[in-house]
Each structure stands twice: as structure tokens, then as C-alpha cells.
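Sharing a structure with you now.
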Amino acid sequence: MAGLFVATGDAIVRLDETDGEWVATRALVGSGAQCLAVDSNTPGRVYAGLREGGVRRSDDGGGTWIDCGLPEPGVFSLAVSPAYGTVYAGTEPSRLFASRDSGETWEALDALLDLPSRPSWSFPPRPWTSHVRWVAPSPHEASLLLVGIELGGLMRSADGGRSWDDHRPGAQRDVHCLAWHPGVQGRAYEAGGGGAAFSVDGGETWSAADDGRDRHYTWALSVDPADPDLWYVSASTGPFAAHGRGEPQAHVYRRHGDEPWTALGGGLPEPLPAMPYALVAAEDRLYAGLSDGQLWESRDRGDTWAACRITGEGLTALHALALA
């Protein structure tokens, strides 16, 4: 039985697949939950990041939650290191915290704030501030960490966040999503406000990957766990279309190796009614979560798609999506 977690911007929803349907169970209602991270090393453990309430942890698959006492309230990104189990929380204003005891205590990794580029960090809708939009700990090296500042750059640490290299050559400065390949060391991927990029040297340097797309405001990203050359992004014409109330002018795209990006259809609504805010590639399925709460799945790497039938408490919005 498959399972997913969704952060809706207001709650956490667990989706459990039963007889071809997805049963939705809601938790942390009214909390402002906008990001989440599942601990793949500890069954049932999941973390939620709240817009103004810090970090919550569940040890029973989302049934009950405890406050992890993060020093900053505005959490915009969460990650759990597959290599070591360290929990990372990124906030607005831009700060990064690490916990090595499952959220019981936190260490501020404030060396990030000493980077020369810091005075230029600015999030356009709130130009007086910025936030850590994404945290990506390497699944192969416990001390290797990528962090994306919206808007400021893609930063890299090789010592667990105690020191940092400033924005990496070739990467997008407006970072929206970062990923590592789970099976091939050194392969990393980025979706940003001006396009997509990839790295083959552990995030040291990056190369643009934009050919074949007529939309360059990339948002969600996922990579096939069996093939480091096969990855997916969602892209729109710009931030106003992607996050406004009208048609997002968006597509889900697929790229393999050096081939150009291909827009995927095969049953997806055309045009898409809402921006794909999340893409998740599992061993046998690819999920696309739209901002209006629609969930779509493909069982053939994006060639064809079907809508997921959600029962129970339903979904009306989606900000983030993760495998349970």
C-alpha cells in the first residue's frame, strides 16, 4: 500500500492508497504547514514546517505531533539527511538550523550568514528579507549540503554547514528546488527562476539544462531513482502566471541525458488549471501535485497520466509532497 504526505499551507494530509483510491486524513489543521520532510531511516517519523510556528514532529505517521522548539518561527524548508539522519530547517529571515537528535535540540549554522553575497539576498515579494527555500543534504556524504536562498544563490558546504562556498558557478540564483540522485554519487539537480541546471561534481559547478523548453520559470523537480539521466521539472512563463489566480501557463517536462526537454501530456489536463508545485518520482510511479490540490500519477515515466481519486477529507491546496 502506497502512502504520501502533503503540506497544504494550512495542514498536513496523509494519503493512503486503498483499492485504487487515496484516503485523506488531515492533521495540524490551521497550523500554516507549508513544507515537510520524511525520515526514511525511521518508519513513521515525519516533520512539518509551519509558516509562523516552527517545526513539528510525528513519530506515528502523522497521528500525533510535538513541537520541536525551533528558535525561529518561519520555516520554509525541511530535510532529513539520508546518510546520517540530521534534520535541517531553513527559515525566513534566512537562517539554517541542524538537529542531530530528531528535533530535540538545534544548532544554528550561522556561518551561512557570513557569505559575501548576503547583503544582496532579497525575496522580490518581500524585498526586505529572504529565506532558505531548499535544503538538500547529500545521500552519500553526511557532511555535504546544498542550500538554496530565495533569492540569493545556491550555496554549498562540505563540512555540515560550519563553513560555506558562496553561489556556485552555473547555478540559478533564484533557487526553487534542489535534489540529489539517490544512487549515483555527485549528481545534483536544480530548478530555479531562470531555468534548470545540473551538477556532476557534487554541486561544485553547474551546467544549464534549458534546451527544448519555452518556459524557463522552473519550480518543482524530481529525478528517477533508477536513472540519473532522467529527470522532471515543472515550468511556467513567470512568477505571476505560476502563482497567480489565473491559468499558470505551465507544463511538466521530462529530460533524458542530453536530449531536449519534452512537455508531457498523455492525459494531463491541457492547459493545466494550476501550477505543479510538487513532483515525486518513486520506483514505479511519478506523481505531480498541483497547487489546487489535484494529484496526478504516471506509471510509465510520464508518458500517460491518471488523476488520483481522493476520498475522506480531500485536498483543496498543495504546497509540498513526499512519499510516506
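These numbers come from the heavy atoms of this one structure, side chains and all, not from hydrogens, waters or symmetry mates. Computed from a prediction, not measured in an experiment: that's the story for all the values here.
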Discussion item. If you compare all heavy atoms of E141 against all heavy atoms of S138, which two are closest, and at what distance to 0.1 Å?
Written reply: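 Closest pair (atom of E141, atom of S138, distance): N-OG, 3.1 Å.
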Practice prompt. Working to the nearest 0.5 Å, report the span between CG of D166 and CZ of R156.
Written response: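 The distance works out to 13.5 Å.
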Worksheet item: Hey, mind stepping through T316 and T8 against side chain to side chain contact (heavy atoms under 4.5 Å, CB included) and telling me if it holds?
Response: CA-CA 8 Å; T316 58; T8 70; over 6 Å; no
Discussion item. If hydrophobic clusters are built by linking Ile, Leu, Val, Met, Phe, Trp and Tyr wherever their side-chain heavy atoms come under 4.5 Å apart, do V46 and V87 end up in the same one?
Written reply: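 Not linked; separate clusters.
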Worksheet item: Are R255 and D211 within salt-bridge range, i.e. N to O under 4.0 Å?
Response: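 Yes.
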Worksheet item: For the side chain of D10 and the backbone of V29, is there at least one donor-acceptor N/O pair under 3.5 Å apart?
Response: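 A pair under 3.5 Å: no.
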Discussion item. Are W164 and L145 packed together at the side-chain level, in the sense that at least one heavy-atom pair is separated by less than 4.5 angstrom?
Written reply: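 They are in contact (side-chain heavy atoms under 4.5 Å apart), so the answer is yes.
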Discussion item. Looking at S99 and W106, would you say the former's side chain and the latter's main chain have a donor-acceptor pair under 3.5 Å?
Written reply: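 A pair under 3.5 Å: no.
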Worksheet entry | Residue pair A27 / W65: nearest heavy atoms and the distance that separates them |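 Closest approach of A27 to W65: CB-NE1, 3.5 Å.
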Worksheet entry | M275 versus A250, closest heavy-atom pair with distance |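 Where M275 meets A250 most closely, the heavy atoms are SD-CB, 3.6 Å.
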Worksheet item: Applying the 4.5 Å side-chain criterion to the ILVMFWY set and letting contacts propagate, would V13 and W22 be lumped into a single cluster?
Response: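 Yes, one cluster joins them.
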Practice prompt. Would you sort out whether D229 and R187 count as a salt bridge (Lys or Arg N to Asp or Glu O under 4.0 Å), showing the intermediate values?
Written response: CA-CA 9 Å; D229 293 322; R187 298 292 294 271; 2.8 Å; yes
Discussion item. Could you check whether any side-chain N or O of T218 sits under 3.5 Å from a backbone N or O of G192, counting only pairs where one atom can act as donor and the other as acceptor?
Written reply: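 The answer is yes, because a donor-acceptor pair under 3.5 Å joins these two groups.
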Discussion item. Suppose we call two aromatic rings close when their centres sit under 6.0 Å apart. Are F198 and H181 close by that rule?
Written reply: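 Ring centres of H181 and F198 not closer than 6.0 Å.
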Worksheet item: Would you find more than 12 non-hydrogen atoms of other residues, nucleotides or ligands less than 6.0 Å from D258 atom CG?
Response: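 Open.
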Practice prompt. Kindly give the heavy-atom pair with the smallest separation between S222 and A281, and that separation in Å.
Written response: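 Heavy-atom minimum between the residues: OG-N, 2.8 Å.
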Worksheet item: Has the side chain of W206 got a donor or acceptor atom that lies under 3.5 Å from a matching backbone atom of R168?
Response: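 Side chain of W206 to backbone of R168, a donor-acceptor pair under 3.5 Å: no, none is there.
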Worksheet item: Between the side chains of S102 and R57, is a donor N or O closer than 3.5 angstrom to an acceptor N or O?
Response: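 No donor-acceptor contact under 3.5 Å links the two side chains.
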Worksheet item: Would a hydrophobic clustering, with Ile, Leu, Val, Met, Phe, Trp and Tyr connected at side-chain separations under 4.5 Å, put L4 with L315?
Response: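 Hydrophobic grouping puts L4 with L315.
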Worksheet entry | Within-4.5 Å side-chain heavy-atom neighbours: L144 and W180 |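 Side-chain contact under 4.5 Å: yes.
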Fill in: Derivation and outcome, side chain to side chain contact (heavy atoms under 4.5 Å, CB included), residues D284 and R299
CA-CA 6 Å; D284 58 350; R299 302 195 183 202; over 6 Å; no
Worksheet entry | Under 3.5 Å side-chain donor-acceptor pair for H176 and Y277 |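 No, because no side-chain N or O of H176 sits under 3.5 Å from a partner of the opposite role on Y277.
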Discussion item. Between D227 and H256, do the side chains contain a donor N or O and an acceptor N or O under 3.5 Å apart?
Written reply: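 Side chains of H256 and D227: pair found under 3.5 Å.
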Worksheet item: Among D303, T262, D224, whose side chain to side chain donor-acceptor pair (under 3.5 Å) with R254 holds?
Response: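 That would be D303; it is the only one of D303, T262, D224 passing the side chain to side chain donor-acceptor pair (under 3.5 Å) with R254.
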Worksheet entry | Note, R95 side chain near V132 side chain (heavy atom, < 4.5 Å) |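 No, too far: nothing below the 4.5 Å cut-off.
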Worksheet item: When rounded to the nearest 0.5 angstrom, what is the spacing between CD in E150 and CD in E92?
Response: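 It is 9.0 Å, given to the nearest 0.5 Å.
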Worksheet item: If you round to the nearest 0.5 Å, how far is OG of S77 from CG of L36?
Response: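 L36 atom CG to S77 atom OG measures 11.5 Å (nearest 0.5 Å).
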Worksheet item: So do L15 and Y287 actually touch side chain to side chain, heavy atoms under 4.5 Å?
Response: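 A side-chain contact is absent here, since even the closest heavy-atom pair is not under 4.5 Å.
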Worksheet item: Name the one of V233, L264, L290 that satisfies side-chain contact (heavy atoms from CB on, under 4.5 Å) with V252?
Response: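 Of all the options given, the one that passes is L264.
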Worksheet item: Can you check whether L178's main-chain N or O pairs, donor with acceptor, with W134's side chain at less than 3.5 Å?
Response: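 At least one qualifying donor-acceptor pair exists.
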Discussion item. So, using ring pair (Phe, Tyr, Trp, His ring centres under 6.0 Å) as the criterion, who are the partners of Y189 when residues are at least two apart?
Written reply: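 Ring pair (Phe, Tyr, Trp, His ring centres under 6.0 Å) check on Y189 returns W231.
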Worksheet entry | N/O donor-acceptor pair under 3.5 Å between S81 side chain and P137 backbone |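 Checking the backbone N and O of P137 against the side chain of S81, no donor-acceptor pair under 3.5 Å is found.
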Worksheet item: Going only through I, L, V, M, F, W and Y residues with side-chain contacts under 4.5 Å, is there a path from L115 to L109?
Response: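 Looking at the clustering, L109 is in the same group as L115.
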Worksheet item: Roughly how far apart are H216 NE2 and T237 OG1, rounded to 0.5 Å?
Response: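 Reported to 0.5 Å precision, the distance equals 11.0 Å.
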Fill in: Whether S94 side chain and H131 backbone form a donor-acceptor pair below 3.5 Å
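Confirmed, S94 side chain pairs with H131 backbone.
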Worksheet item: Can you hop from Y88 to F76 via hydrophobic side chains spaced under 4.5 Å?
Response: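 Not linked; separate clusters.
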Worksheet item: Parallel, tilted or perpendicular: which describes the rings of Y253 and H251, with under 30° parallel and over 60° perpendicular?
Response: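 Correct class here is perpendicular.
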Worksheet item: Donor-acceptor pair, R26 side chain versus G314 backbone, under 3.5 Å?
Response: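 Yes.
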Worksheet entry | Nearest heavy-atom neighbours spanning A188 and L146 |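 What the structure gives for the nearest pair is CB-CD1, 4.1 Å.
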Item to complete: Please test L113 against W121 for side chain to side chain contact (heavy atoms under 4.5 Å, CB included), starting from the C-alpha separation and ending with a verdict.
Response: CA-CA 10 Å; L113 306 182; W121 300 356; 4.3 Å; yes
Fill in: Shortest non-hydrogen separation from V175 to E190 and the atoms involved
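Smallest heavy-atom distance, with atoms named: CG2-OE2, 3.4 Å.
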Worksheet item: Are any non-hydrogen side-chain atoms of L295 and V6 less than 4.5 angstrom apart?
Response: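 Not in contact.
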Fill in: Partners meeting side-chain contact (heavy atoms from CB on, under 4.5 Å) with A220 (sequence neighbours left out)
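Residues passing side-chain contact (heavy atoms from CB on, under 4.5 Å) with A220: S234, L279.
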Item to complete: For R301, look at atom CZ and say whether over 12 heavy atoms of other residues, nucleotides or ligands are found less than 6.0 Å away.
Response: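 Open: at most 12 neighbouring heavy atoms sit under 6.0 Å from CZ of R301.
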Item to complete: Could you give me the CA-CA distance, side-chain angles and deciding distance for L50 and V75, then say whether side chain to side chain contact (heavy atoms under 4.5 Å, CB included) is met?
Response: CA-CA 6 Å; L50 313 186; V75 181; 5.8 Å; no
Worksheet item: Does some side-chain heavy atom of V147 sit less than 4.5 Å from a side-chain heavy atom of S157?
Response: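 No, every pair of side-chain atoms sits at 4.5 Å or beyond.
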Fill in: Sidechain-backbone polar pair: S58 side chain, T64 backbone, donor-acceptor under 3.5 Å
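Judged by distance alone, yes, a pair lies under 3.5 Å.
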Discussion item. Which residues pass the salt bridge (charged side-chain N to carboxylate O under 4.0 Å, His left out) test with E259, not counting sequence neighbours?
Written reply: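 Residues passing salt bridge (charged side-chain N to carboxylate O under 4.0 Å, His left out) with E259: none at all.
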Item to complete: Drop me the distance from R215's CZ to D210's CG, to the nearest 0.5 angstrom.
Response: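 That separation rounds to 14.0 Å.
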Worksheet item: Less than 4.5 Å apart, any side-chain heavy atom of R56 and any of D67?
Response: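 In contact.
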Worksheet item: Under the 3.5 angstrom rule, does the side chain of S236 hit a backbone N or O of A241 as a donor-acceptor pair?
Response: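 Answer holds: no.
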Discussion item. As an exercise, state the distance from CD of E297 to OG1 of T304, rounded to the nearest 0.5 Å.
Written reply: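 Going from the CD atom of E297 to the OG1 atom of T304 covers 9.5 Å.
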